[in-house]
Asker: 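Here's a structure for you.
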Amino acid sequence: MTWRKQLQVRPGADFRLADVDTGGTPGWKKSRKSEAEERLHENVAALAGLEYKLYAENRRALLVVLQGMDASGKDGLVRTVFSGLNPQGCRVTSFKAPSVEELAHDFLWRIHKALPPQGGIGVFNRSHYEDVLVVRVHDLAPKAVWKARYATINDFERLLTESGVTVLKFFLHIGRNEQKRRLLARLDDPNRNWKASEADFVERARWNDYMKAYQDALTRCSTPCAPWYVIPSDHKWYRSLAVSEILRETMEEMRLKFPPPLADIAALRRKIK
Ligand code: ATP
Ligand code: MG
(Lines give C-alpha, C1' and ligand atoms only; values in the text may rest on other atoms or scores of the structure.)
(Ligands and ions follow the chains in the order given, each with its own letter.)
Protein backbone atom coordinates (compact mmCIF):
# COMPACT_ATOMS: atom_id res chain seq x y z
CA MET A 1 0.00 0.00 0.00
CA THR A 2 1.29 3.47 -0.77
CA TRP A 3 1.99 5.89 2.04
CA ARG A 4 -0.72 8.15 0.77
CA LYS A 5 -3.39 5.46 0.82
CA GLN A 6 -2.34 4.37 4.26
CA LEU A 7 -2.41 7.75 5.97
CA GLN A 8 -5.09 9.58 4.06
CA VAL A 9 -8.45 10.51 5.53
CA ARG A 10 -10.53 9.00 2.74
CA PRO A 11 -13.02 11.59 1.49
CA GLY A 12 -16.50 10.69 2.61
CA ALA A 13 -15.41 7.62 4.59
CA ASP A 14 -16.08 7.03 8.24
CA PHE A 15 -12.97 8.31 10.04
CA ARG A 16 -12.38 8.62 13.75
CA LEU A 17 -9.37 10.51 14.95
CA ALA A 18 -9.70 8.81 18.33
CA ASP A 19 -8.91 5.48 16.62
CA VAL A 20 -5.50 6.64 15.39
CA ASP A 21 -2.54 5.41 17.44
CA THR A 22 -0.24 8.44 17.72
CA GLY A 23 2.65 6.14 18.64
CA GLY A 24 2.09 3.88 15.64
CA THR A 25 4.40 3.60 12.65
CA PRO A 26 2.16 2.21 9.90
CA GLY A 27 4.14 0.93 6.94
CA TRP A 28 7.49 0.82 8.77
CA LYS A 29 8.77 -1.44 11.55
CA LYS A 30 9.96 0.37 14.68
CA SER A 31 13.06 -1.84 14.71
CA ARG A 32 14.06 -0.33 11.33
CA LYS A 33 14.46 3.20 12.66
CA SER A 34 18.01 3.69 11.39
CA GLU A 35 16.98 2.62 7.88
CA ALA A 36 14.16 5.14 8.12
CA GLU A 37 16.73 7.85 8.68
CA GLU A 38 18.64 6.75 5.58
CA ARG A 39 15.46 6.68 3.56
CA LEU A 40 14.57 10.18 4.79
CA HIS A 41 17.92 11.45 3.48
CA GLU A 42 17.22 9.87 0.11
CA ASN A 43 13.81 11.51 0.03
CA VAL A 44 15.20 14.92 0.96
CA ALA A 45 17.67 14.64 -1.93
CA ALA A 46 14.93 13.48 -4.29
CA LEU A 47 12.72 16.40 -3.26
CA ALA A 48 15.49 18.85 -4.12
CA GLY A 49 15.58 17.43 -7.66
CA LEU A 50 11.81 17.55 -7.95
CA GLU A 51 11.70 21.14 -6.68
CA TYR A 52 14.23 22.11 -9.31
CA LYS A 53 12.02 20.67 -12.05
CA LEU A 54 8.92 22.34 -10.62
CA TYR A 55 10.78 25.65 -10.69
CA ALA A 56 12.07 25.10 -14.23
CA GLU A 57 8.65 24.05 -15.51
CA ASN A 58 7.16 27.19 -13.94
CA ARG A 59 3.54 26.15 -14.54
CA ARG A 60 2.36 24.53 -11.34
CA ALA A 61 2.86 24.97 -7.61
CA LEU A 62 2.75 22.91 -4.43
CA LEU A 63 1.16 23.95 -1.17
CA VAL A 64 1.95 22.03 2.01
CA VAL A 65 -0.29 22.75 4.99
CA LEU A 66 0.96 21.76 8.44
CA GLN A 67 -1.35 21.60 11.42
CA GLY A 68 -0.89 20.13 14.86
CA MET A 69 -1.10 20.87 18.55
CA ASP A 70 1.76 22.78 20.21
CA ALA A 71 4.99 20.76 20.24
CA SER A 72 3.65 18.35 17.61
CA GLY A 73 6.74 19.00 15.53
CA LYS A 74 5.69 21.44 12.83
CA ASP A 75 8.94 23.41 13.13
CA GLY A 76 11.05 20.26 13.36
CA LEU A 77 9.42 18.89 10.25
CA VAL A 78 10.19 22.04 8.28
CA ARG A 79 13.81 21.79 9.41
CA THR A 80 14.25 18.15 8.44
CA VAL A 81 12.07 17.47 5.42
CA PHE A 82 12.51 20.80 3.66
CA SER A 83 16.17 21.24 4.54
CA GLY A 84 17.41 20.20 1.10
CA LEU A 85 15.27 22.58 -0.91
CA ASN A 86 16.54 25.66 -2.66
CA PRO A 87 15.23 28.56 -0.56
CA GLN A 88 14.69 30.49 -3.79
CA GLY A 89 11.82 28.23 -4.81
CA CYS A 90 10.28 27.66 -1.41
CA ARG A 91 8.61 29.89 1.15
CA VAL A 92 7.51 28.99 4.67
CA THR A 93 4.78 31.11 6.25
CA SER A 94 3.79 30.86 9.92
CA PHE A 95 0.29 32.00 10.73
CA LYS A 96 -0.11 33.55 14.16
CA ALA A 97 -3.12 35.26 15.68
CA PRO A 98 -4.37 37.68 13.00
CA SER A 99 -3.31 41.33 13.07
CA VAL A 100 -5.83 44.16 13.19
CA GLU A 101 -5.45 44.59 9.44
CA GLU A 102 -5.94 40.89 8.80
CA LEU A 103 -9.03 40.82 11.01
CA ALA A 104 -10.51 43.63 8.95
CA HIS A 105 -10.61 41.26 5.94
CA ASP A 106 -12.14 37.86 5.23
CA PHE A 107 -10.26 34.96 6.82
CA LEU A 108 -8.70 33.82 3.55
CA TRP A 109 -7.20 37.19 2.67
CA ARG A 110 -3.89 36.64 4.41
CA ILE A 111 -3.80 33.04 3.22
CA HIS A 112 -4.29 33.94 -0.41
CA LYS A 113 -1.44 36.44 -0.29
CA ALA A 114 0.95 33.80 1.02
CA LEU A 115 0.27 31.19 -1.69
CA PRO A 116 3.18 29.95 -3.76
CA PRO A 117 3.47 31.33 -7.29
CA GLN A 118 3.77 29.01 -10.30
CA GLY A 119 7.00 27.05 -10.00
CA GLY A 120 7.10 27.42 -6.22
CA ILE A 121 6.53 25.48 -3.05
CA GLY A 122 4.65 27.07 -0.16
CA VAL A 123 4.69 25.65 3.34
CA PHE A 124 2.08 26.84 5.81
CA ASN A 125 3.00 26.41 9.47
CA ARG A 126 -0.59 26.66 10.71
CA SER A 127 -3.08 27.88 8.15
CA HIS A 128 -6.67 28.82 7.31
CA TYR A 129 -7.66 25.79 9.39
CA GLU A 130 -6.99 27.82 12.55
CA ASP A 131 -10.22 29.58 11.65
CA VAL A 132 -12.17 26.39 12.36
CA LEU A 133 -9.88 25.22 15.19
CA VAL A 134 -8.71 27.85 17.70
CA VAL A 135 -11.57 30.11 16.63
CA ARG A 136 -14.10 27.38 17.37
CA VAL A 137 -12.49 26.21 20.62
CA HIS A 138 -12.26 29.75 22.02
CA ASP A 139 -15.51 31.10 20.58
CA LEU A 140 -13.63 33.80 18.70
CA ALA A 141 -16.47 33.90 16.17
CA PRO A 142 -20.13 32.86 16.36
CA LYS A 143 -20.89 29.23 15.52
CA ALA A 144 -22.76 30.19 12.34
CA VAL A 145 -19.62 31.96 11.12
CA TRP A 146 -17.08 29.18 11.66
CA LYS A 147 -19.53 26.47 10.52
CA ALA A 148 -19.88 28.10 7.14
CA ARG A 149 -16.11 28.05 6.74
CA TYR A 150 -15.76 24.32 6.04
CA ALA A 151 -17.57 24.74 2.73
CA THR A 152 -15.69 27.96 1.99
CA ILE A 153 -12.38 26.18 2.60
CA ASN A 154 -13.35 23.32 0.28
CA ASP A 155 -14.30 25.78 -2.45
CA PHE A 156 -11.06 27.72 -1.92
CA GLU A 157 -8.91 24.60 -2.13
CA ARG A 158 -10.76 23.52 -5.28
CA LEU A 159 -9.98 26.91 -6.80
CA LEU A 160 -6.33 26.29 -5.98
CA THR A 161 -6.19 22.85 -7.53
CA GLU A 162 -7.99 24.10 -10.63
CA SER A 163 -5.34 26.79 -10.85
CA GLY A 164 -2.49 24.28 -10.85
CA VAL A 165 -1.68 24.21 -7.13
CA THR A 166 -1.34 20.74 -5.65
CA VAL A 167 -2.55 20.89 -2.05
CA LEU A 168 -1.17 18.53 0.61
CA LYS A 169 -2.42 18.80 4.18
CA PHE A 170 -0.74 17.09 7.11
CA PHE A 171 -2.06 16.82 10.64
CA LEU A 172 0.87 15.96 12.91
CA HIS A 173 -0.94 13.96 15.53
CA ILE A 174 0.72 13.52 18.93
CA GLY A 175 -0.75 12.02 22.06
CA ARG A 176 -1.60 14.10 25.08
CA ASN A 177 1.11 12.40 27.15
CA GLU A 178 3.70 12.92 24.47
CA GLN A 179 2.82 16.61 24.38
CA LYS A 180 3.29 16.83 28.14
CA ARG A 181 6.67 15.13 27.86
CA ARG A 182 7.78 17.55 25.12
CA LEU A 183 6.53 20.68 26.88
CA LEU A 184 8.30 19.65 30.09
CA ALA A 185 11.48 18.81 28.19
CA ARG A 186 11.42 22.32 26.71
CA LEU A 187 11.30 23.83 30.19
CA ASP A 188 14.39 21.88 31.19
CA ASP A 189 16.48 22.66 28.12
CA PRO A 190 18.22 26.05 28.16
CA ASN A 191 18.47 25.96 24.36
CA ARG A 192 14.77 25.48 23.99
CA ASN A 193 13.04 27.05 26.94
CA TRP A 194 12.72 30.31 25.02
CA LYS A 195 10.01 28.44 23.14
CA ALA A 196 7.97 27.70 26.24
CA SER A 197 4.86 29.80 26.45
CA GLU A 198 1.97 29.99 28.82
CA ALA A 199 -0.37 29.73 25.85
CA ASP A 200 0.79 26.16 25.20
CA PHE A 201 -0.40 25.15 28.65
CA VAL A 202 -3.69 27.00 28.26
CA GLU A 203 -4.40 25.32 24.90
CA ARG A 204 -3.42 21.96 26.33
CA ALA A 205 -6.21 22.26 28.88
CA ARG A 206 -8.65 22.35 25.94
CA TRP A 207 -7.25 19.17 24.41
CA ASN A 208 -10.58 17.38 23.98
CA ASP A 209 -12.22 20.41 22.41
CA TYR A 210 -9.33 20.62 19.96
CA MET A 211 -9.65 16.95 19.08
CA LYS A 212 -13.35 17.46 18.32
CA ALA A 213 -12.53 20.47 16.19
CA TYR A 214 -9.82 18.50 14.37
CA GLN A 215 -12.17 15.56 13.85
CA ASP A 216 -14.58 17.87 12.01
CA ALA A 217 -11.92 19.73 10.04
CA LEU A 218 -10.31 16.47 8.92
CA THR A 219 -13.54 14.80 7.85
CA ARG A 220 -15.34 17.78 6.35
CA CYS A 221 -12.34 19.09 4.46
CA SER A 222 -10.66 15.93 3.20
CA THR A 223 -11.64 16.13 -0.45
CA PRO A 224 -10.39 14.23 -3.50
CA CYS A 225 -8.50 17.30 -4.71
CA ALA A 226 -7.12 18.31 -1.31
CA PRO A 227 -7.03 15.31 1.05
CA TRP A 228 -5.88 15.37 4.65
CA TYR A 229 -3.15 13.05 5.90
CA VAL A 230 -3.04 12.17 9.58
CA ILE A 231 0.55 11.47 10.57
CA PRO A 232 1.15 9.57 13.82
CA SER A 233 3.81 11.87 15.26
CA ASP A 234 4.91 10.61 18.67
CA HIS A 235 8.01 9.26 16.90
CA LYS A 236 9.76 12.14 15.19
CA TRP A 237 11.66 9.88 12.80
CA TYR A 238 8.41 8.31 11.59
CA ARG A 239 6.67 11.66 11.21
CA SER A 240 9.45 13.03 9.01
CA LEU A 241 9.74 9.83 7.00
CA ALA A 242 5.98 9.61 6.36
CA VAL A 243 5.66 13.23 5.27
CA SER A 244 8.73 12.98 3.03
CA GLU A 245 7.34 9.83 1.40
CA ILE A 246 3.98 11.45 0.69
CA LEU A 247 5.64 14.56 -0.71
CA ARG A 248 7.88 12.49 -2.91
CA GLU A 249 5.07 10.25 -4.16
CA THR A 250 2.94 13.28 -4.95
CA MET A 251 5.67 15.20 -6.74
CA GLU A 252 6.78 12.17 -8.72
CA GLU A 253 3.22 11.67 -9.84
CA MET A 254 3.14 15.24 -11.13
CA ARG A 255 5.46 14.05 -13.93
CA LEU A 256 7.43 17.27 -13.84
CA LYS A 257 9.49 17.95 -16.92
CA PHE A 258 12.14 20.44 -17.87
CA PRO A 259 10.69 22.73 -20.54
CA PRO A 260 12.36 22.64 -23.95
CA PRO A 261 14.92 25.43 -24.38
CA LEU A 262 13.44 28.64 -25.78
CA ALA A 263 16.69 29.55 -27.46
CA ASP A 264 18.16 27.93 -30.56
CA ILE A 265 20.88 25.95 -28.81
CA ALA A 266 22.85 25.15 -31.97
CA ALA A 267 22.84 28.80 -33.03
CA LEU A 268 24.02 29.89 -29.59
CA ARG A 269 26.81 27.35 -29.70
CA ARG A 270 28.01 28.74 -33.02
CA LYS A 271 27.74 32.32 -31.81
CA ILE A 272 29.90 32.11 -28.72
CA LYS A 273 33.34 33.56 -29.20
P1 ATP B 1 5.88 27.87 18.08
O2 ATP B 1 5.17 27.80 19.39
O3 ATP B 1 6.57 26.62 17.69
O4 ATP B 1 6.70 29.10 17.90
P5 ATP B 1 3.24 28.41 17.04
O6 ATP B 1 2.66 28.24 15.68
O7 ATP B 1 2.59 27.67 18.15
O8 ATP B 1 4.76 28.01 16.94
P9 ATP B 1 2.79 30.74 18.57
O10 ATP B 1 3.17 32.16 18.38
O11 ATP B 1 3.11 30.02 19.81
O12 ATP B 1 3.32 29.93 17.32
O13 ATP B 1 1.22 30.60 18.39
C14 ATP B 1 0.51 31.13 17.36
C15 ATP B 1 -0.92 31.17 17.85
O16 ATP B 1 -1.69 31.87 16.91
C17 ATP B 1 -1.51 29.78 17.99
O18 ATP B 1 -2.00 29.60 19.28
C19 ATP B 1 -2.63 29.78 16.98
O20 ATP B 1 -3.74 29.03 17.41
C21 ATP B 1 -2.94 31.26 16.87
N22 ATP B 1 -3.63 31.56 15.61
C23 ATP B 1 -3.25 31.23 14.36
N24 ATP B 1 -4.19 31.60 13.47
C25 ATP B 1 -5.20 32.15 14.18
C26 ATP B 1 -6.47 32.70 13.83
N27 ATP B 1 -6.87 32.74 12.57
N28 ATP B 1 -7.23 33.17 14.81
C29 ATP B 1 -6.82 33.13 16.10
N30 ATP B 1 -5.65 32.63 16.50
C31 ATP B 1 -4.84 32.14 15.55
MG1 MG C 1 3.22 27.81 20.21
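Whatever order the structure lists ligands and atoms in, that order sets their numbers, starting from 1. All residue numbers in this chain count up from 1 along the given sequence. Only this structure's heavy atoms are used, side chains among them; waters, hydrogens and symmetry mates stay out.
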Asker: Mind checking whether R186 has a heavy atom under 4.0 Å from ligand 1?
Answerer: no
Asker: May I ask you to check whether Y214 and W228 place their ring centers less than 6.0 Å from one another?
Answerer: no
Asker: Mind checking whether E203 has an N or O less than 3.5 Å away from an N or O of ligand 1?
Answerer: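 No, since none of the N or O atoms of E203 sits under 3.5 Å from an N or O of ligand 1.
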Asker: Based purely on interatomic distance, does Y210 place a nitrogen or oxygen under 3.5 Å from a nitrogen or oxygen of ligand 1?
Answerer: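 There is no such contact.
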Asker: Could you check which of E102, R110, H128, R126 puts a non-hydrogen atom nearest to atom 25 (C) of ligand 1?
Answerer: R110
Asker: Is the distance from the ring center of H128 to that of F107 below 6.0 Å?
Answerer: no
Asker: Considering all protein heavy atoms, does one lie under 4.0 Å from atom 27 (N) of ligand 1?
Answerer: yes
Asker: Has the side chain of R182 got a donor or acceptor atom that lies under 3.5 Å from a matching backbone atom of A71?
Answerer: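 Yes.
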Asker: Looking at atom 2 (O) of ligand 1, what's its closest protein heavy atom, distance included?
Answerer: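 For atom 2 (O) of ligand 1, the nearest protein heavy atom comes out as D70 OD1, 4.3 Å.
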Asker: When you measure from the heavy atoms of P98 to every atom of ligand 1, does any distance fall below 4.0 Å?
Answerer: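 So P98 counts as touching ligand 1.
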Asker: Taking only Lys NZ, Arg NE, NH1 and NH2, and the carboxylate oxygens of Asp or Glu, determine whether E253 and R4 approach each other closer than 4.0 Å.
Answerer: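 Here E253 pairs with R4 in a salt bridge, since their nearest N and O are under 4.0 Å apart.
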Asker: Between Q67 and L172, is there a donor-acceptor pair closer than 3.5 Å when you use the side chain of the first and the backbone of the second?
Answerer: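 Pair absent, no side-chain N/O of Q67 close to backbone of L172.
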Asker: Please give the atom name: the N, O or S atom of D70 nearest to the Mg ion (ligand 2).
Answerer: OD1
Asker: Inspect the surroundings of CZ in R32 and state if more than 12 heavy atoms from other residues, nucleotides or ligands are less than 6.0 Å away.
Answerer: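 Correct, the count exceeds 12.
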Asker: Under 3.5 Å between any N/O of D200 and any N/O of ligand 1: does that happen in this structure?
Answerer: no
Asker: Test your reading of the structure: does S127 have an N or O sitting under 3.5 Å from an N or O of ligand 1?
Answerer: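 No; the residue has no nitrogen or oxygen that sits under 3.5 Å from a nitrogen or oxygen of the ligand.
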Asker: Output the list of atoms in ligand 1 that are nearer than 4.0 Å to some heavy atom of K96, sorted by atom number.
Answerer: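 Listed by number with element: 4 (O), 5 (P), 8 (O), 9 (P), 10 (O), 12 (O), 14 (C), 16 (O), 22 (N), 23 (C), 24 (N), 25 (C).
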Asker: For atom 3 (O) of ligand 1, what's the nearest protein heavy atom and its distance?
Answerer: D75 OD2, 2.9 Å
Asker: Quick check: is F15 connected to I246 through a chain of hydrophobic side chains (ILVMFWY, heavy atoms under 4.5 Å apart)?
Answerer: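 No, no single cluster joins them.
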Asker: Fit a plane to each ring of Y238 and W3, take the angle between them on a 0 to 90° scale, and name the class: parallel (under 30°), tilted (30 to 60°) or perpendicular (over 60°).
Answerer: tilted
Asker: Any side-chain to backbone donor/acceptor pair from Q179 onto R176? Under 3.5 Å, distance only.
Answerer: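 Not at all, since once roles are kept as given, no pair shorter than 3.5 Å links the two residues.
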Asker: Is the number of heavy atoms from other residues, nucleotides or ligands under 6.0 Å of E198 CD greater than 12?
Answerer: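 Check fails, neighbour count at 12 or below.
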Asker: With heavy atoms of D131 as the reference, note each atom of ligand 1 found under 4.0 Å away.
Answerer: 27 (N)
Asker: What's the shortest distance from atom 21 (C) of ligand 1 to any protein heavy atom, and which residue and atom give it?
Answerer: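 The closest heavy atom on the protein side is A97 N, 3.8 Å.
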Asker: Between Y229 and F171, does a ring-ring contact (aromatic ring centres under 6.0 Å, His included) hold up when you go through it step by step?
Answerer: CA-CA 6 Å; Y229 296 95; F171 173 48; over 10 Å; no
Asker: Do any N/O atoms on K74 end up under 3.5 angstrom from N/O atoms on ligand 1?
Answerer: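 Looking only at distances, the answer is no, because the N/O contact criterion of under 3.5 Å is not met.
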Asker: Could you find the nearest protein heavy atom to atom 30 (N) of ligand 1 and give me its residue, atom name and distance?
Answerer: V134 CG1, 3.4 Å
Asker: Give the atom numbers and elements of ligand 1 that come within less than 4.0 Å of a heavy atom of K195.
Answerer: 3 (O)
Asker: Which residue and non-hydrogen atom of the protein lie closest to atom 20 (O) of ligand 1, and at what distance in Å?
Answerer: E130 OE1, 2.8 Å
Asker: Whether R126 engages the ring of F95 as a cation-pi pair (distance to the six-membered ring centre under 6.0 angstrom, angle to the ring normal within 45°) should be assessed.
Answerer: no
Asker: Would you check whether N125 has a nitrogen or oxygen atom less than 3.5 angstrom from a nitrogen or oxygen atom of ligand 1?
Answerer: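 It does not: no N or O of N125 is found under 3.5 Å from an N or O of ligand 1.
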